[in-house]
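Presented below is the structure to which this report refers.
We name chains A, B, ... by the order of the sequence lines, and we start the count at 1 in each one. All of these numbers come straight from a predicted model, not from anything done at the bench.
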Amino acid sequence: MSKPSIPQGTRDFSADVVRKRNYILSTIKNVFELYGFQPLETPAMENLNTLMGKYGEEGDRLIFKIINNGINDPKNIDKAKAGFEKVLEGKSSTDLTERALKYDLTIPFARYVAMNHAQLTFPFKRYQIQPVWRADRPQKGRYREFTQCDADVVGSTSLLNEVELANIYHEVFTRLGITNYELRINSRKILTALSELCGGADKLTDITIAIDKLDKIGIEKVKEELQQRNLNADQITIIEKYLNITGTNEEKLTKARSLFGNIETGAKGIAELEYVFHQAKNIKLQIDFTLARGLNYYTGIIFEAKAPAEVQIGSIGGGGRYDDLTSLFDVPGIPGVGISFGVDRIYDVMEELKLFPENLQVSTKALFFNMGETESLFAFGIMQQLRSKGIACELYHEFTKIGKQFTYAEKKNIPYAIIIGSKEMEEKNCMVKTLATGEQKVFAIDQLHEAIMNK
RNA sequence: GUAGUCGUAGCUCAGUUGGUUAGAGCAUCAGAUUGUGAUUCUGAGGGUCGGGGGUUCGAGCCCCCUCGAUUACCCCA
């Protein structure tokens, strides 16, 4: 047996980390519920053809595929070999892999809606908090297994949904104490209008991929990339003009109107931004024309939440409107909009800014010392009484040196030691010691519960 | 998938131009100490130097391959 290990990019979470993660997750969940979203869980694995082709070429490569069982069965062996040949050519084959781990929560959700649309009440608001898997190369803040928290509304085109989702971001970050977050919005329609100005809608993907990198690589490199993506000098000039739009949100909208106002999609996009921006005045939305987001199914407003600039962690959430996600599964006409929180990155932000509350690390309240065979059996009975009254406690597992039992209590952050030796048994009392101060006091056993409660 | 850096005890790390039996601190365990945590003292255990191959009289150190961690790119949360 070699050294035990876990797969690349996965993690074990110890108690203190789990508690901190749960704090984030339950905060998000509570806010989702407050806004009327219902929980949904979908399987860890989906049929491969549910996922393939939904995330672009790069996405397909990053899907974890699960090899079929029984491929060594003689009656399957020819199929398996043919499947393997296809895989070697870089294609996927259901003869070899029929299932895959889910890559995000949005596509499985779309699949669920497509399967159940006849039963669902629209607008359907669901939230989903589950792990997803990507065969990406791990690095800082990026893992192969990580948790996504999504909330989506489908079956409604109302921009009030966007306003509500923006408020959810605000509420969650405020509750977590991340007050300096940035929430940026843009409209995919504006980017579509830009691509129309630059010769055609087929340029949209090239443009979005390039300008998405602006804050990372700078305007010159973006221009180089646009050039490599076969845009000519005039088109690049238009894009540069677009990217150079600055000022307050109102000023940006005015300037954008002069660029795209006479293009239908452009005007629509500007109107969308204007609406959301005005209805969500209470939170500090920032219109950011350089925001593009990679995923191609977005069609309207897009969001990106960024961590406070001082921590250099970048995006901690994103989302947007998609007009017709379920048509991928042959159920057209169900529009939707959704957002997502990046729990792992939020964790890093909170760790760095020391935002976790102190009292998260609750543990056993009291440790009964083991003072011998009969004493420990007696203590066990007392302990069960305390437990039945809701006090978390434990009994040291064996009779050993007192010092060792103290050390155990100290390491587990147990605040109180309860000592019942032969003397205490006889006198029907017990010694309660507060470890932090070293104070100790004798209580009658039937007063023990109150004594602990009052501490 | 591409490239850089790093892998020595449970943890953090020393280890000289390649040279005897690979070290330290912390942690662990035992004793001094069978009803009070600290400190101190004494002792012990713990390593195929990530793995494999090569060069050499001799490799923790040099070379190749491989695995893992990490960082950047691509892409993304």
Less than 4.0 Å between a side-chain N and a carboxylate O, is that true for [Y] and [X]?
X         : Y         : value
Glu145(A) : Arg134(A) : no
Arg175(A) : Glu171(A) : yes
Arg11(A)  : Asp344(A) : yes
Lys223(A) : Glu225(A) : no

Base, sugar-phosphate or nothing for [X]? Non-hydrogen atoms, less than 4.0 Å.
X         : answer
Lys411(A) : sugar-phosphate
Gln405(A) : nothing
Tyr143(A) : base
Ser422(A) : base
Gly318(A) : nothing
Thr400(A) : nothing

Would Tyr35(A) and Asn167(A) count as a side-chain contact (heavy atoms from CB on, under 4.5 Å) here? Give the steps. CA-CA 10 Å; Tyr35(A) 278 73; Asn167(A) 275 279; 3.5 Å; yes
Pick the nucleotide of RNA chain B nearest each of Glu410(A) and Gly9(A); which residue has the one closer to the 5' end? Glu410(A)
Rounded to whole angstroms, how far apart are [atom1] on [X] and [atom2] on [N]?
X         : N      : atom1 : atom2 : answer
Arg137(A) : C73(B) : CZ    : C1'   : 11 Å
Asp212(A) : C73(B) : CG    : P     : 13 Å
Trp133(A) : C76(B) : CH2   : C1'   : 18 Å
Gln139(A) : U5(B)  : CD    : P     : 17 Å
Phe64(A)  : G1(B)  : CZ    : P     : 11 Å
Tyr55(A)  : A77(B) : OH    : P     : 11 Å
Glu375(A) : G35(B) : CD    : P     : 10 Å
Leu25(A)  : A77(B) : CG    : P     : 18 Å

On a whole-Å scale, what distance lies between the [atom1] atoms belonging to [N] and [M]?
N      : M      : atom1 : value
C63(B) : C6(B)  : P     : 11 Å
C76(B) : U66(B) : C1'   : 29 Å
G45(B) : C29(B) : C1'   : 7 Å
A69(B) : G31(B) : P     : 41 Å
G7(B)  : G43(B) : C1'   : 33 Å
C61(B) : G1(B)  : P     : 28 Å
C41(B) : G46(B) : C1'   : 22 Å
G51(B) : G10(B) : P     : 13 Å

Tell me if the side-chain of [X] makes a donor-acceptor pair with the base of [N], cut-off 3.5 Å, by modelled atom types.
X         : N      : value
Gln8(A)   : G68(B) : no
Lys401(A) : U34(B) : no
Lys423(A) : G35(B) : no
Arg142(A) : C75(B) : yes
Glu424(A) : G35(B) : yes

Around atom CZ of Phe13(A), are there more than 12 heavy atoms from other residues, nucleotides or ligands closer than 6.0 Å? yes
Over 12 foreign heavy atoms within 6.0 Å of CD, Gln227(A): no
Nearest listed nucleotide, side chain of [X], among [options]:
X         : options                : value
Lys404(A) : C75(B), G35(B), C29(B) : C29(B)
Arg61(A)  : G35(B), C74(B), A77(B) : C74(B)
Gln148(A) : G37(B), A77(B), U36(B) : A77(B)

Out of Asp152(A), Thr106(A), Thr42(A), which one pairs with Gln128(A) under the side chain to side chain donor-acceptor pair (under 3.5 Å) rule? Thr42(A)
For Glu272(A) and Ser187(A): C-alpha separation, side-chain torsions, deciding distance, then whether side chain to side chain donor-acceptor pair (under 3.5 Å) applies. CA-CA 7 Å; Glu272(A) 283 175 352; Ser187(A) 171; 2.9 Å; yes
Less than 5.5 Å between centroids and less than 30° between ring planes, does Phe146(A) satisfy that with A77(B)? yes
Check: Glu424(A) side chain, Gly421(A) main-chain N or O, donor-acceptor pair, under 3.5 Å: yes
Give the dot-bracket string for RNA chain B, reading 5' to 3', where a pair is Watson-Crick or G-U wobble with both distances under 3.5 Å, ( ) marks pairs inside the strand, [ ] marks pairs crossing earlier ones, | marks a partner on another strand, and . marks unpaired. (((((((..((((.....[...)))).(((((.......))))).....(((((..]....))))))))))))....
